[in-house]
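Report on one structure; see the data block that follows.
On a predicted model such as this, the values are computed, not experimentally measured, just so you know. Convention: sequence-line order gives letters A, B, ...; per-chain numbering from 1.
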Amino acid sequence: MALPNAVKRNAGDGPVLSVQGLTTSFRIGDDWRPVVKNVSFDIAPRETVAIVGESGSGKSVTSLSIMRLLPKYTSRIEGSIKLGGRELLTLGSEEMRKVRGNEISMIFQEPMTSLNPIFPIGKQIAEAITCHRQVSAAAARGEVIQLLEKVRIPNAKSRFDDYPHQFSGGMRQRVMIAMALASKPRLLIADEPTTALDVTIQGQILDLIKVLQEEEGMSVLFITHDMGVVAEVSDRTIVMFRGDAVETGPTDDIFHRGRHPYTRALLSAVPRLGSMAGHERPMRFPIVDVASGVMTTPEAEVDRAIETRRPPILEVKNLTTRFDIRSGLLGRKSGAVHAVEDVSFDLCEGETLSLVGESGCGKSTTGRSITRLVEPTAGSIALDGRDVIRLDRGALRNMRRTIQMVFQDPFASLDPRMKIGDAVMEPFIEHGLGTKARARAKAADILKRVGLDADMMRRYPHEFSGGQRQRIAIARTLMLDPRVIVADEAVSALDVSIKAQVCNLLLELQQSFNLAYLFISHDMAVVERVSHRVAVMYLGEIVEIGPRQAVFENPQHPYTKKLMAAVPIPDPSRRSVKRAISTDEIKSPIRPVGYEPPRRQYREVSAGHLVQV
Amino acid sequence: MTDATIAAPAVSPDVEKRGLWRQFRAHPGGVAGLAVFLFIVVAVYAGPLIHTVEPNKIDIRAKNQGPSLAHPFGTDNLGHDMLAQVLAGGQISLAVGITAMLLALFLGTLVGVLSGYLRRLDGILMRLTDLFLALPLLPLLLVIIMLFRDTLRAAFGPETGIFILIVFVIGITSWMHTARIVRGDVLAVKNQEFILAAKSSGMREHRVILKHILPNVMSSIMVSATLGIASAIITESALSFLGLGFPSDFPTWGRLLYDGANFLQLTPSRVLWPGLAISLTVLSVNFIGDAIRDALDPRTLKR
Amino acid sequence: MFTFTLRRLLFAIPTLLVISFIIFALLDLAPSDPLSDLPLTIPPEVRERIRAAMGADQPFFIRYLRWLHQFFVNEPLNIFEQMTGITVGSGERMRVLSWATRSPVVDLIVQRLPQTLWVVGLSYLFGVMLAIPIGVVSAYKQYSIFDQIGTFVSMVGYSVPTFFTGVLLIVIFSSYLQWFPSIYDTNLRITDWSSFVAQVKQMVLPVAVLTLYNTSQISRFVRASMLDNLHQDYVRTARAKGVKEKVVLLVHVLRNSLIPVVTVIALGVPTIFSGAIITEQIFRVNGLGQLLITAIQGADMPLVQTLTFIFAFLIVLFNLIADVLYGLLDPRIRYD
Amino acid sequence: ERGTDGELKIIFWQAISTMNPYLSGGTKEVYGASMVIEPLARYDESGNLVPMLAAEIPTVENGGVSADLKSITWKLKPDLKWSDGTPVTADDAIFTWKYCTAPDGGCAQAAYYEGVSNVEAVDASTIKISFSEPKPYPYSAFVGAQSPVIQAAQFKDCLGAKAPECTSANFGPIGTGPFVVKEFKPNDVVSFEANPNYRDAAKPAFATAIIKGGGDAASAARAVLETGEFDYAWNMQVEPEVLAQMMTAGKGKIEVAFGTQVERIDVNPFAVDASLGDKRSTKEAGPHPALSDPAVRKALSLAIDRDIINEAGYGDNGKPTCNILPAPDIYVSTNVDWCLKQDLDAANKLLDDAGWVKGSDGIREKNGVKLSFLYQTSTNSVRQATQALVKDMWAQIGVASELRNISANVFFGGDPASPDTFQKFYADVQMYTNNFDGTDPEKYMAGWMCDKIPSPASGWQGENIVRYCNPEYDALVKELGKTGKLEERAEIAKKLNDMLSNDVAQIPLIHRGQPSAVNATLEGVKMNAWDSELWNVADWSRKK
Ligand SMILES: Nc1ncnc2c1ncn2[C@@H]1O[C@H](COP(=O)(O)OP(=O)(O)OP(=O)(O)O)[C@@H](O)[C@H]1O
Ligand SMILES: Nc1ncnc2c1ncn2[C@@H]1O[C@H](COP(=O)(O)OP(=O)(O)OP(=O)(O)O)[C@@H](O)[C@H]1O
Ligand SMILES: [Mg+2]
Ligand SMILES: [Mg+2]
């Protein structure tokens with residue numbers, strides 16, 4: 001397909017990157033299956049180009065093709081990719097190496113598996129510096145610490161030597177960002193760089209990128225599902241749909257005058273913060289048909305109230321989880337990460353409690369502590385009246401049927417050697433809920449409902465896109481018909497249309513089976529839609545909790561206010577509005593040995609709406 | 001609302017099995033290995049039907065001969081036909097090599113996985129492994145023989161009894177390496193998030209081990225298996241010098257090689273063939289192992 | 001980690017005591033006899049007296065306790081005296097004496113150590129040093145010619161026993177070509193260039209035989225483990241950073257692949273000290289391996305017990321080292 | 001000329017563990033020590049006594065042996081010196097006797113001093129040995145490589161229980177022989193240098209010598225015959241064709257001495273069925289259902305073609321024999337020759353006549369008893385070849401056999417707990433070699449007496465492994481003990497041998513020689529089966 005000529009570009013400058021007729025295919029059995037078809041676009045200096053599109057439409061593959069990082073023997077790249085006039089596809093491997101990380105660097109979509117598990121993160125970032133520049137180790141270290149601070153990792157100096165598994169999802173993502181920015185590249189490819197970040201940090205990161213763009217003349221290829229971010233950062237936008245770039249144009253045009261039905265569908269489905277004002281209960285997303293762009297199912301408020309008379313299904317009291325920090329040769333305990341500190345809440349059947357908060361504030365750890373995947377330090381957890389902490393192994397196993405978890409990093413949570421069909425069917429068979437054939441039928445059904453094809457069951461995790469893997473993870477939890485689901489960033493990697501579909505599915509299931517969700521998310525718009533109540537966490541503690549309407553419409557705690565204010569608005573005309581770059585000190589949850597946190601007091605603002613004082 | 005995919009028929013487990021086989025077949029080394037291995041097996045069991053000379057037939061007048069039509073592999077210093085001996089020896093060596101290797105592999109994997117996965121058992125199982133590693137082999141073998149040979153001989157007859165004994169002896173004296181290696185791998189694998197995810201879905205521990213841990217430590221096990229078959233064949237021959245192997249009129253590859261070593265210059269064919277047979281067996285098993293490994297690893301390049 | 005190591009070290013003491021007891025019991029149970037290689041012409045009553053003089057007729061527990069005392073008290077004191085020149089007590093105490101030679105076992109071991117380290121130790125070192133690059137390249141260039149040849153040579157090298165390769169090398173290089181001696185001269189002192197050359201010459205064959213074997217084994221594990229990690233996503237990240245391919249392989253992939261390699265190597269190091277029995281026999285290196293095998297064949301209980309115990313000690317030690325290394329190699333492995 | 005021929009390199013593939021033959025009776029230790037310490041007299045290559053430290057061999061005729069055969073008096077050569085320069089005196093001999101007979105010393109050669117009631121010094125160079133009983137053959141103490149004289153000064157603190165602690169003395173005994181120990185590495189290598197005080201100023205021709213140990217026989221042979229790295233290799237038990245092939249290199253050849261070794265098959269007269277438990281192979285077990293039949297025994301012997309066995313396993317190093325006493329010549333019986341040639345027809349006929357008929361499987365049986373035997377021996381490639389051949393030959397007369405080989409250190413170990421020792425004989429037939437030291441067969445022949453049968457009561461000790469029991473035989477042995485005249489002794493010995501052979505107490509197969517490999521450049525080697533093979537190492541020299 002031809003590139004539309006209506007691309008505004010600074011005259012004089014040639015494009016930094018020029019992609020012409022890019023077609024990338026994967027080998028499936030003996031055939032080659034194209035997943036990116038004849039895509040062409042240019043990126044000018046200092047320009048930000050966003051790629052948006054359906055999950056699995058080939059965005060990540062496009063970016064990996066540019067970097068030539070796809071597996072050698074099972075993929076094929078055709079077309080032409082020119083960096084500053086130089087053809088990359090025919091470059092020798094040593095020259096290509098010099099391009100990577102130096103001229104083009106990339107932020108990968110899934111930070112957990114993309115970081116080397118056995119090297120300290122500081123070292124991994126430093127490597128990006130030292131392999132292209134001659135700097136001393138000490139200088140590199142200094143630079144890395146600066147970078148870590150820039151991406152707002154608290155206690156950067158002491159976390160230099162920590163390993164990826166000791167970081168939260170968002171912190172890992174920030175490490176990836178720091179790594180990519182370390183060498184000040186000419187072109188930055190950012191594949192969903194902010195999905196795991198809360199809106200405040202997301203804003204800061206976007207600002208950081210903007211600053212670099214202005215100072216260093218960096219161009220950015222930005223892949224994201226967040227139309228708010230697109231509106232805020234991109235000059236031009238490419239819309240991808242099933243392997244094709246269906247539309248390319250200035251962001252403004254795309255947002256207001258999108259021609260392709262998918263573009264229109266995409267934009268009309270974008271949830272906007274504040275659209276729920278006046279509604280008390282969660283609301284279904286409207287479903288827009290991607291082929292025609294016509295809304296097929298209108299949005300609707302769910303019609304069932306929560307039965308609060310029944311005792312809550314999940315009761316968490318004074319939950320505290322700390323991770324010891326050991327240092328020195330002797331491995332003495334030198335402090336602890338107070339990841340979760342004195343957290344109490346309860347969750348009723350049929351209710352959605354959303355957990356929002358800064359990246360690294362302990363949301364995932366809360367979820368994991370409740371399912372006893374990490375051992376809590378103190379506190380009590382009652383699930384359906386039974387004390388979770390004191391369960392023996394058999395009972396724990398049964399308990400896990402009741403409560404299921406969607407992991408934040410779906411790729412890492414899938415066995416790389418197991419076909420996803422087996423992975424999805426596994427819990428069902430494991431708990432003896434039915435025959436293999438029934439499991440297969442059920443798995444196929446659920447996969448279809450989360451927007452995947454049943455014939456994908458034969459493929460392995462690495463053959464999927466990030467969003468597809470996330471849906472597989474959701475499908476797996478649904479196999480058991482649990483009563484509580486801890487959904488840790490379960491829909492963050494999905495494009496709006498699929499996100500709507502999956503959220504509607506979750507709401508529907510909640511209605512029919514009275515499911516309770518602990519919904520951990522950074523996407524405030526989605527949180528607003530789906531939750532009955534919202535808890536805001538900060539540095540391991542709940543600072544504000546209450547009915548959604550109360551918290552969103554009447555935020556009390558300063559952090560909550562900041563959070564609400566930082567949500568980007570999907571409107572390109574507001575681009576020029578600048579955030580004040582926050583210069584406040586980054587707070588750290590790391591405490592010295594023997595630190596006793598003060599007892600917190602809560603103030604009741606309105607019925608059920610508590611705020612820490 | 002679905003992704004771009006090529007239409008495919010519904011998957012049945014049968015198809016999946018065939019898929020594994022298809023991947024195996026895509027591996028030329030593996031196919032060649034399997035072919036050679038099958039050839040060796042068939043030759044060793046069907047060969048005596050074609051080459052009908054009795055392996056223990058002594059023809060002292062025809063001793064130390066080079067290859068000829070009557071004796072394609074030549075003869076040894078008592079006039080045994082070497083081809084017949086190699087074929088007969090193959091039956092024993094293959095059977096012992098494979099069963100002993102499987103036993104050692106089973107024990108090693110069991111101990112390795114248990115101690116790697118279950119913290120409680122780790123200390124005791126690894127100290128047991130240390131003990132077995134430290135035990136002097138020869139005295140241990142002598143004691144085992146002394147205690148069990150006659151009982152087994154009485155229970156199963158001389159041949160089967162000795163076979164069981166040998167397999168048992170090799171098995172329980174060679175599982176330790178596998179155990180330590182598997183344990184190391186398990187320690188690394190068990191901390192990965194997908195194990196946590198499997199546990200969080202309420203999988204029983206042994207299922208986690210079988211379905212998630214084992215496939216991910218398979219490549220080391222495969223290497224242990226290939227190396228194990230070679231050492232089992234050689235160890236068997238060493239056993240017979242202690243008087244605990246098969247009686248001396250049961251040829252085995254290892255012993256043919258040992259007996260022939262001194263005749264290297266006189267009748268080179270005497271060592272060439274058993275040596276070749278052992279090497280080919282091990283090589284072919286190695287390639288089969290490689291192919292299985294590759295078939296199990298969805299990410300490696302497939303050729 | 002430190003407490004783990006300390007705890008394991010403390011735990012090693014009872015472990016080793018148990019192991020030493022089991023070894024002792026095993027040796028006692030074994031049907032071989034210290035007098036088996038005496039000529040049949042020596043009459044039974046004389047044999048009885050010889051046995052009594054060795055102390056072999058004492059009850060099992062007395063002999064075990066005596067060995068414990070000799071090995072753990074007398075021998076260390078003796079070493080202490082020799083090093084400092086201070087005499088502790090009367091200075092006269094029973095050392096662990098070998099039955100066959102009637103000499104202190106520790107002296108025998110000290111005498112054997114040099115040639116064992118030279119031949120077996122060096123070949124292990126070579127084995128490791130060759131195996132890692134071979135394994136890495138084989139995995140990186142899977143199914144290339146290099147990999148295929150490597151696979152072939154290592155499989156043949158592993159499956160053909162040393163008793164055969166040794167004889168083959170002797171026939172070729174000692175008998176026909178006369179390049180290297182077939183017999184190792186343990187009396188050779190390196191004093192000048194020519195004696196150094198002689199030493200190198202006599203080491204070539206046994207070292208070659210053993211190196212082939214060691215390399216074959218270790219390189220297979222390196223290769224397999226590398227293959228497991230070569231296609232992980234973090235390798236892609238490293239490449240995306242523009243890290244040199246060599247660094248990607250040797251730092252990112254290899255370090256992640258080291259756990260099985262460390263295990264195999266740690267399992268192998270103690271065997272250096274137990275010698276390579278067959279190879280030592282063939283080339284008459286007469287190191288610790290030959291000492292052990294003659295001792296076992298001659299049922300020289302004190303010698304076998306002492307050697308085996310030292311071996312057990314090394315096994316426990318190196319397995320501990322391997323465990324500590326796991327923790328250092330992979331931060332996710334924690335023993336607390 | 002002493003010390004002009006450089007280094008003598010000897011290889012003993014079974015390594016030497018000590019230089020004191022009194023502490024280890026192993027042949028290799030005795031041989032090694034014979035280069036350093038010497039007895040009063042020893043045997044030459046034809047079995048004659050020759051004086052070493054003694055001036056002459058005492059006899060009844062020359063008055064050295066008392067008429068009542070109760071004492072013998074040796075006179076030392078004049079001016080004998082130890083290698084450290086001190087004189088050799090009668091006291092050294094007396095000390096040697098005390099050393100070997102001290103309680104708790106565990107002297108391996110105590111048998112040589114058996115019956116010695118006293119050793120005294122008549123004067124500084126005259127030694128008188130008294131016996132408690134008359135000794136028709138008095139040349140035992142201080143005769144042969146097994147009982148050399150050691151230096152009293154060096155060993156004076158090493159008596160009895162202290163013996164093992166004298167490590168440096170045991171590893172480097174001071175002697176009178178042609179060499180002195182320079183360095184001793186147990187089980188590895190012994191280094192010697194020429195004894196400066198050796199009584200013959202012109203000897204030895206070599207300045208230094210080593211005895212290297214370790215490895216196996218074939219590679220030791222290769223080191224002498226093929227690569228020429230060594231001068232002399234002892235005990236070359238290697239297949240004859242392999243040796244012949246090595247000799248084609250022209251670097252050396254094999255020399256053989258025939259002593260008294262006979263490879264034999266023991267035939268168990270007692271039942272050995274496993275169900276009998278501990279009674280197996282003893283009188284209580286009752287007679288062997290098949291092997292107690294003399295016809296079966298004889299048929300087994302007749303069916304064996306000893307020529308083939310000799311050709312396959314021994315070549316020039318062995319001779320087929322039907323005698324259990326094959327040497328020295330005066331004792332050798334020529335009466336038994338029925339077994340020398342294989343006679344399958346006669347064997348078959350014997351069995352047919354005795355009622356053993358072939359069953360459908362070709363194996364003979366009678367009254368439900370099959371002629372199917374467990375045939376055990378020690379692990380050794382020549383023995384396994386012999387086993388295979390014998391099995392084949394027996395198969396031709398309808399006798400089946402199951403082969404078993406046992407590690408030599410178990411088989412000969414004599415551990416009462418092990419079922420696999422040759423003394424226990426938990427098998428129908430077994431094969432090994434036995435012999436005797438020196439030239440006098442009296443003690444050896446006494447090994448077939450009824451009271452020497454091993455049994456649980458005697459802790460399985462006893463030389464009569466074949467469990468032969470014949471009162472006539474016992475009486476004849478007693479007579480031998482009283483006979484002094486050599487010719488008469490010879491007659492009795494022959495009779496004893498014939499009894500054993502004709503009763504088929506066991507089946508003698510091969511009279512084995514002792515083969516050694518000698519480098520072509522080495523001169524003066526005289527193979528000796530009656531004493532240490534290195535007995536005349538002082539006379540060895542390098543061919544010019
Ligand atoms: N290694 C592979 N082998 C086969 N198919 C693959 C492979 N990697 C990706 N695919 C397929 O290619 C298509 C495009 O994947 P890609 O990762 O580019 O999607 P994406 O646009 O980034 O989606 P998301 O927003 O969900 O991350 C998907 O359908 C995916 O299943
Ligand atoms: N295994 C661990 N060891 C040490 N520290 C840990 C470990 N796991 C988490 N932490 C720390 O605990 C804190 C909370 O982590 P958690 O994963 O709960 O954050 P989160 O709220 O989920 O953040 P995100 O939104 O970025 O995923 C972080 O500071 C993290 O570094
Ligand atoms: Mg993607
Ligand atoms: Mg998280």
Pairs of heavy atoms under 4.5 Å with chain C: top-ranked of [options]:
{"options": "A:His165, A:Lys98, A:Glu110", "answer": "A:His165"}
{"options": "A:Ser105, A:Pro120, A:Cys131", "answer": "A:Cys131"}
{"options": "A:His132, A:Met67, A:Glu94, A:Glu103", "answer": "A:His132"}
{"options": "A:Leu115, A:Ile118, A:Ile104, A:Leu69", "answer": "A:Ile118"}

Measuring from [X]:[atom1] to [Y]:[atom2], what's the distance to the nearest 0.5 Å?
{"X": "C:Glu245", "Y": "A:Met96", "atom1": "CD", "atom2": "CE", "answer": "12.5 Å"}
{"X": "C:Gln232", "Y": "A:His462", "atom1": "CD", "atom2": "NE2", "answer": "10.5 Å"}
{"X": "C:Asn256", "Y": "A:Phe119", "atom1": "CG", "atom2": "CZ", "answer": "7.0 Å"}
{"X": "A:Arg68", "Y": "C:Arg239", "atom1": "CZ", "atom2": "CZ", "answer": "11.5 Å"}

Could you check whether atom [atom1] of [X] has more than 12 heavy atoms from other residues, nucleotides or ligands sitting under 6.0 Å from it?
{"X": "C:Leu10", "atom1": "CG", "answer": "yes"}
{"X": "C:Phe313", "atom1": "CZ", "answer": "no"}
{"X": "C:Phe72", "atom1": "CZ", "answer": "yes"}
{"X": "C:Phe11", "atom1": "CZ", "answer": "no"}

Chain C contact via A:Leu64 - which portion, at a heavy-atom distance below 4.5 Å: side chain
Whether C:Thr237 side chain and A:Ser114 backbone form a donor-acceptor pair below 3.5 Å: yes
Identified side-chain contact (heavy atoms from CB on, under 4.5 Å) partner of C:Lys241 from the options A:Arg100, A:Arg97, A:Gln124: A:Gln124
From CA spacing to verdict: side-chain contact (heavy atoms from CB on, under 4.5 Å), A:Glu127, C:Val247: CA-CA 10 Å; A:Glu127 198 177 27; C:Val247 180; 3.8 Å; yes
Region of C:Val235 that comes under 4.5 Å of a non-hydrogen atom in chain A: neither
Shortest non-hydrogen contact from C:Pro331 toward A:Pro117: CG-O, 3.5 Å
